[in-house]
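Have a look at the structure below before the remarks.
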Number of protein chains: 2
Amino acid sequence: MPTVAQRVDISDVDDPRVDDFRDLSRADRRPDRPGGRGLVIAEGVVVVERLIASRYPVRALFGVQRRIEELAEAAAGLNVPAYVADADVMARVVGFHLNRGVLAVADRAPVVDPADLVQRSQRLAVLEGIGDHENLGALFRNAAALGVDGVLLSAGCSDPLYRRSVRVSMGHVLRVPFAHLESWPEDLKLLRDEGVRIAALTPRAEATPLRDAGLDEGRVAVLLGSEGPGLTDEAIEAADVAVRIPMAEGVDSLNVATAGAVTFHALSGI
Amino acid sequence: MPTVAQRVDISDVDDPRVDDFRDLSRADRRPDRPGGRGLVIAEGVVVVERLIASRYPVRALFGVQRRIEELAEAAAGLNVPAYVADADVMARVVGFHLNRGVLAVADRAPVVDPADLVQRSQRLAVLEGIGDHENLGALFRNAAALGVDGVLLSAGCSDPLYRRSVRVSMGHVLRVPFAHLESWPEDLKLLRDEGVRIAALTPRAEATPLRDAGLDEGRVAVLLGSEGPGLTDEAIEAADVAVRIPMAEGVDSLNVATAGAVTFHALSGI
């Protein structure tokens, strides 16, 4: 296979070598792939750089010449093809005009064992029923920025590796390790067994105000539920403490990723 | 004029009575209106309720029957027409299918005097160059939730009353008062003259970590710049203190509305 320096020019929209990049708006479903799920797709120079630095095995790059050149350093030694096309050919392969001018695809990597992830984490986010890909991506961006070491996902969450989540996370979903919990909320015992304090974020009036909850010490996991219904009663009861962000009267709630950021900052060890 | 209880059925897509709701994707520019700017447009039951409760004079409602009925209580006594159409007619007037099923339009209201706003506020957000309508809307939502009393906008900011800002703010842009600063950053003296402490949010390493800045006491204004360039040097120098949210290595920044939320929580008097 050519190294990235040995670029491959693509002028034919139907060239099968760029099939992994074809019709991106449907790329999250790939019946031909294990589990029917799509490849990991990174868009834009910064996110492609994060993909290259991640544990996901890059298969290929595809971009306009200028963007591929910007990636020369990050992609040095990466033994995959770099397909180069003009913006028009790219748009016709991908299915829409791509502002960011460069893409990379990678295979999925083996899933992370949740017990292992808990063991090596000081601060965790635990997500229940976060179905919205943008909120999920934004939560990973905020987790990465504010020093959260890992994310645990309950069954009701979307796949963090969906294209839109990767993009909204600015690629941080590729850096912050995550694992799936099978039994919910029983698997929260993985945290209790390790002595991690579990704080459930809820708007309930009887919950402890965030700034009084003492989350800035020790190992802490923050439970976050989806924006509409919030955490289930079972999840709140399984936590060690229920915590609320004090809010003005007449305001329903913050966006879940924003509430996550406010809470992550409160426990940040950075 | 009919009260809202006396609904007006609309079956003709070209009916001039719903012209204020026509072709909404272009509704932010209205050459026929003062300043060329569009009416205030609220989408969805919750945001329409907030518009009705606001200082903006409602001109009319337009929705499918079910949504208009949901608004009966909020609109009681509101002396404007409520146009009712089926979803198809509505979509053809508005220009796209409207998930939320109801709209309201209002006139703009007289601008607020910035000195007055400063005088009656304990906590303020001051925005420099926030051009993105979604970020602007999200900042107002977060300001409302976390007890910020008012927002000051420098000349480089977008209009908070643009349709998308209103929607993303969940209507809180209609509740949180805002005013425009003419001279930037000279007009920050309005804050200094009132004894309001000015804190500039910046990623600069030499800035004080947010949790050590003591912003939870007294009157405070938080300066926020746009997501890419951040605050200008002039703005940071005009502040009393430069504050940073500690962030993990390799992470550029938080979204500006998210950074705002983290900061507003730190100064919240709620």
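Both backbone and side-chain heavy atoms feed into the values below; hydrogens, waters and symmetry mates do not. Below, chains carry the letters A, B, ... as their sequence lines are ordered, and counting in each starts from 1.
- The two atoms that bring Leu146(A) and Pro246(B) nearest to each other are CD2-O, 3.8 Å, heavy atoms only.
- With a threshold of 4.5 angstrom between heavy atoms, Asp216(A) does not approach chain B through any atom at all.
- Other residues, nucleotides and ligands place no more than 12 heavy atoms under 6.0 Å from the CZ atom of Arg26(A).
- Top candidate by heavy-atom pairs under 4.5 Å with chain A, chosen from Leu254(B), Ile245(B), Asn255(B), is Leu254(B).
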Handout entry: Trace of the side-chain contact (heavy atoms from CB on, under 4.5 Å) decision for His265(A) with His265(B)
Key = CA-CA 10 Å; His265(A) 175 258; His265(B) 175 259; over 6 Å; no

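- Within 6.0 Å of CZ on Arg164(A) lie no more than 12 heavy atoms contributed by other residues, nucleotides or ligands.
- Arg66(A) CZ: 12 or fewer foreign heavy atoms inside a 6.0 Å radius.
- Of all heavy-atom pairs between Ala261(B) and Thr258(A), the closest is CB-CG2, 3.3 Å.
- Among Thr263(A), Leu210(A), Val262(A), the residue with the largest count of heavy-atom pairs under 4.5 Å with chain B is Val262(A).
- Under a cut-off of 6.0 angstrom, the local environment of CD in Glu217(A) is sparse, with at most 12 non-hydrogen atoms contributed by other residues, nucleotides or ligands.
- Of all heavy-atom pairs between Ala144(A) and Ala248(B), the closest is O-CB, 3.1 Å.
- Ion pairing between Arg141(A) and Glu227(B) holds under the 4.0 Å rule for side-chain N and carboxylate O.
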